[in-house]
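Comments concern the structure below.
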Amino acid sequence: MPEFTLIEGDCLEVMRGMADNSVDAVVTSPPYNTLPTSPNGSGMHKHNAWLQKASDGYFDQRDEADYQAWIRDVITECLRVCSGLVWVNHKVRYRSGEAVHPVRFLPFPIYAEVVWDRGGSMALNCKRFAPSYEMIWAFGKRRYWN
């Protein structure tokens, strides 16, 4: 098994201390900024322990403009430190009744895209069709290695 180093920390702080082109590839699935702001769910989520844990222990309720700027900063740093492709898994989210597609706020040239067929999904609010897929985009430049 090849050696590797696991680095724990804020991704932007860690990457800002890394040299350009110092990693071969990046695969990331950033938070979607969709977790609840309150532990008080309704319907099937009423009295849900996961909802309590998510609202207490994970910051995923940024202002949409701040969230998009943060994601752009993260991917920009990923592209700087990566000598190959940066793979980003994200999904369409809805704000004020309108779809917010990731490629509309990630202004990087797309090298490739993959459709991740999850085989099914659960509708949490039944206002829209439940998506059974997510997209994975590759940004950056291809690189070959053995």
Side-chain angles (χ1 to χ4, degrees), residues 1-38 41 44-45 48-146:
M1 180 129 139
E3 288 188 30
F4 66 91
T5 302
L6 178 64
I7 302 169
E8 185 177 349
D10 178 280
C11 62
L12 282 174
E13 290 175 16
V14 169
M15 286 190 291
R16 286 180 179 144
M18 297 172 72
D20 293 358
N21 302 310
S22 59
V23 299
D24 292 327
V26 173
V27 179
T28 184
S29 181
Y32 296 151
N33 203 40
T34 58
L35 289 180
T37 57
S38 165
M44 66 184 268
H45 294 292
N48 186 316
W50 176 86
L51 206 57
Q52 178 71 50
K53 185 183 230 182
S55 65
D56 285 348
Y58 190 75
F59 179 71
D60 198 22
Q61 299 97 15
R62 296 175 188 248
D63 173 75
E64 185 62 25
D66 292 342
Y67 172 76
Q68 291 181 19
W70 175 76
I71 290 289
R72 280 191 298 273
D73 289 348
V74 169
I75 303 304
T76 297
E77 279 300 296
C78 289
L79 289 165
R80 183 188 65 76
V81 302
C82 187
S83 63
L85 293 173
V86 175
W87 293 91
V88 180
N89 164 236
H90 210 295
K91 67 180 182 178
V92 174
R93 298 164 303 118
Y94 293 86
R95 297 291 180 266
S96 302
E98 188 174 316
V100 180
H101 198 290
V103 298
R104 292 181 76 189
F105 62 85
L106 295 174
F108 311 106
I110 298 172
Y111 176 77
E113 68 180 357
V114 174
V115 177
W116 171 23
D117 180 358
R118 297 187 340 223
S121 189
M122 180 172 66
L124 298 178
N125 64 17
C126 297
K127 293 177 184 173
R128 293 185 171 77
F129 291 109
S132 59
Y133 71 94
E134 289 187 27
M135 297 299 294
I136 305 170
W137 293 280
F139 302 107
K141 53 213 167 283
R142 65 182 177 187
R143 176 173 179 249
Y144 300 100
W145 62 88
N146 292 334

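- Nearest heavy atoms, Ile71 versus Pro30: CD1-CB, 3.5 Å.
- Among all heavy-atom pairs drawn from Trp137 and His90, the shortest one is CZ3-O, 3.8 Å.
- A search for side chain to side chain contact (heavy atoms under 4.5 Å, CB included) contacts involving Val92 returns Tyr94, Ala99, His101, Pro102, not counting sequence neighbours.
- Not counting sequence neighbours, Ser22 has no partner by the side-chain hydrogen bond (donor to acceptor under 3.5 Å, both in side chains) test.
- A search for side-chain hydrogen bond (donor to acceptor under 3.5 Å, both in side chains) contacts involving Trp87 returns nothing, not counting sequence neighbours.
- Panel note: side chain Lys141, backbone Cys82; a donor-acceptor pair is recorded below 3.5 Å.
- Paired with Gln68 under the rule side chain to side chain contact (heavy atoms under 4.5 Å, CB included), one option of Asp73, Asp63, Val100, Leu106 passes, and it is Val100.
- Remark: Ile7 CD1 to Met15 CE distance equals 10.5 Å, nearest 0.5 Å.
- Summarising the geometry, atom CZ belonging to Arg16 is positioned 9.0 Å from atom SG belonging to Cys11; distances are rounded to the nearest 0.5 Å.
- Residues satisfying the side chain to side chain contact (heavy atoms under 4.5 Å, CB included) test with Asn89, not counting sequence neighbours, are Ser29, Tyr32, Trp116, Glu134, Ile136.
- For the pair Arg143 and Gly84, the tightest heavy-atom approach, listed with the atom from each and the gap, is CB-CA, 3.9 Å.
- Gly140 approaches Tyr111 most closely through the heavy-atom pair O-CB, 4.3 Å.
- Remark: Leu79 engages Ile75, Val86, Phe108, Phe139 in a side chain to side chain contact (heavy atoms under 4.5 Å, CB included) (not counting sequence neighbours).
- Take Glu77 and apply the side-chain hydrogen bond (donor to acceptor under 3.5 Å, both in side chains) test, not counting sequence neighbours, and it matches Arg80.
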